[in-house]
Amino acid sequence: NQLVVITVRISMMVRRPISRIRRIDKLKRIGFTLIDVTVTVLIIGIIGAVAVPRFGALLADYRAEAAARRVAGDLNYASRSSLNQSQPVTATFVVGSHHYSFTVISHPDHPTAAWAIALNDAGYENCVFSGISLGGDQAVTFDIYGRPDSDGTITVRCGGSTQVISIDQATGRASVQ
């Protein structure tokens with residue numbers, strides 16, 4: 001009987017330290033090592049270095065397309081306005097700037113003011129008119145039938161991206177190429 005009791009007591013004493021060692025090993029393995037964190041930060045840095053320039057180019061492409069669509073939409077509005085009002089409407093552009101304006105059409109928000117648009121104020125930062133070819137001048141006039149006085153193109157540049165707006169003389173329609 002005594003032998004059995006001593007054996008049980010010894011086995012109980014031996015098991016306790018082993019279970020404590022296992023618990024300590026588990027606690028040591030819960031966190032991240034310095035190498036794990038360093039490798040993770042390095043991978044995130046490499047991905048960021050590759051993605052940031054592409055994101056900048058994508059943003060410039062988006063701004064150029066949005067600005068070109070805005071200008072084309074405004075030209076189409078001017079064409080329809082000349083037809084509705086039976087009055088010629090002239091759109092004037094300034095090369096190297098971000099301004100254009102319309103005659104006869106009043107500003108939608110301020111009916112007593114002329115309608116002049118600055119692309120930078122409209123949310124298209126760094127966008128300028130880099131080329132304007134409207135029959136030899138920098139203006140296009142829509143007659144009372146909504147047709148322009150000439151075919152032409154307007155080039156919008158935002159950063160490194162460009163978009164071309166073309167005006168069809170037969171239809172008076174402006175579209176982004």
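Bear in mind the structure is a predicted one, so any value in this text is a computation, not a measurement. Each residue takes its place number in the sequence, starting with 1.
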- Distance, nearest 0.5 Å, that separates CD1 of I154 from CZ of F129: 6.5 Å

- Item | Backbone of A174 reached by a side-chain donor or acceptor of N76 within 3.5 Å | yes

- Query: Are side-chain heavy atoms of V140 and L75 found at a separation under 4.5 Å?
  - Reply: yes

- Item | I144 vs P88 side-chain heavy atoms within contact, under 4.5 Å | yes

- Message: As a quick check of understanding, evaluate side-chain hydrogen bond (donor to acceptor under 3.5 Å, both in side chains) for T33 and D36, giving each step before the final call.
- Response: CA-CA 5 Å; T33 65; D36 292 338; 3.2 Å; yes

- Task: Indicate yes or no: at least one non-hydrogen side-chain atom of S175 is less than 4.5 angstrom from one of S166.
- Result: yes

- Do I165 and V156 come close enough that some side-chain heavy atom pair is under 4.5 Å? yes

- For the residue pair Y100 and W115, is the inter-centroid distance of their aromatic rings smaller than 6.0 Å? no

- Are V89 and L83 joined in one hydrophobic group, where the rule is that I, L, V, M, F, W and Y side chains link up if heavy atoms are under 4.5 Å apart? no

- Message: Rounded at 0.5 Å granularity, tell me how far CD in Q163 sits from CZ in R157.
- Response: 13.5 Å

- Note on the structure: What one should report as the nearest heavy-atom pair of I105 and Y77 is CG2-CE2, 3.8 Å

- Under a 4.5 Å side-chain heavy-atom rule over Ile, Leu, Val, Met, Phe, Trp and Tyr, are V164 and L119 clustered together? no

- Message: Does any part of the side chain of R147, heavy atoms only, come nearer than 4.5 Å to the side chain of Q169, both counted from C-beta?
- Response: no

- Task: Kindly give the heavy-atom pair with the smallest separation between R70 and Y124, and that separation in Å.
- Result: CB-OH, 3.7 Å

- Message: Using modelled atom types and a 3.5 Å cut-off, is there a donor and acceptor pairing between side-chain atoms of T92 and backbone atoms of A139?
- Response: no

- Query: Within a strict 4.5 Å, meaning less than it, do heavy atoms of the L134 and I167 side chains meet?
  - Reply: yes

- Message: Would a single hydrophobic cluster contain both L34 and L42, if residues Ile, Leu, Val, Met, Phe, Trp and Tyr are joined by side-chain heavy-atom contacts under 4.5 Å?
- Response: no

- Calculate, to the nearest 0.5 Å, the distance between atoms OG and OH belonging to S86 and Y145 respectively. 8.5 Å

- Query: Taking all atoms of both residues into account, what is the closest heavy-atom pair of C158 and A60, and its distance?
  - Reply: O-CB, 3.6 Å

- For Q138 and I132 the tightest heavy-atom approach is CA-CG2, 4.0 Å

- Message: Just so I know, are the side chains of F142 and D149 near enough to count as touching, which here means a heavy-atom distance under 4.5 Å?
- Response: no

- Please answer whether the main-chain N or O of G146 pairs with a side-chain N or O of S79 as donor and acceptor at a distance below 3.5 Å. yes

- Task: Report the C-alpha separation of E125 and R63 in whole Å, then their side-chain angles, then the decisive distance to 0.1 Å, and conclude whether the side chain to side chain contact (heavy atoms under 4.5 Å, CB included) test is met.
- Result: CA-CA 8 Å; E125 290 82 16; R63 282 187 180 148; 3.7 Å; yes

- Item | S101 side, atom OG; D74 side, atom CG - distance, nearest 0.5 Å | 11.5 Å

- If we only count heavy atoms from C-beta on, is the C127 to H98 side-chain gap below 4.5 Å? no

- Message: Is there a path of hydrophobic side-chain contacts, each under 4.5 Å between heavy atoms of I/L/V/M/F/W/Y residues, joining I35 to I43?
- Response: yes

- Task: State, to 0.1 Å, how close F102 and I117 come at their nearest heavy-atom pair, and which atoms those are.
- Result: CE1-CD1, 3.8 Å

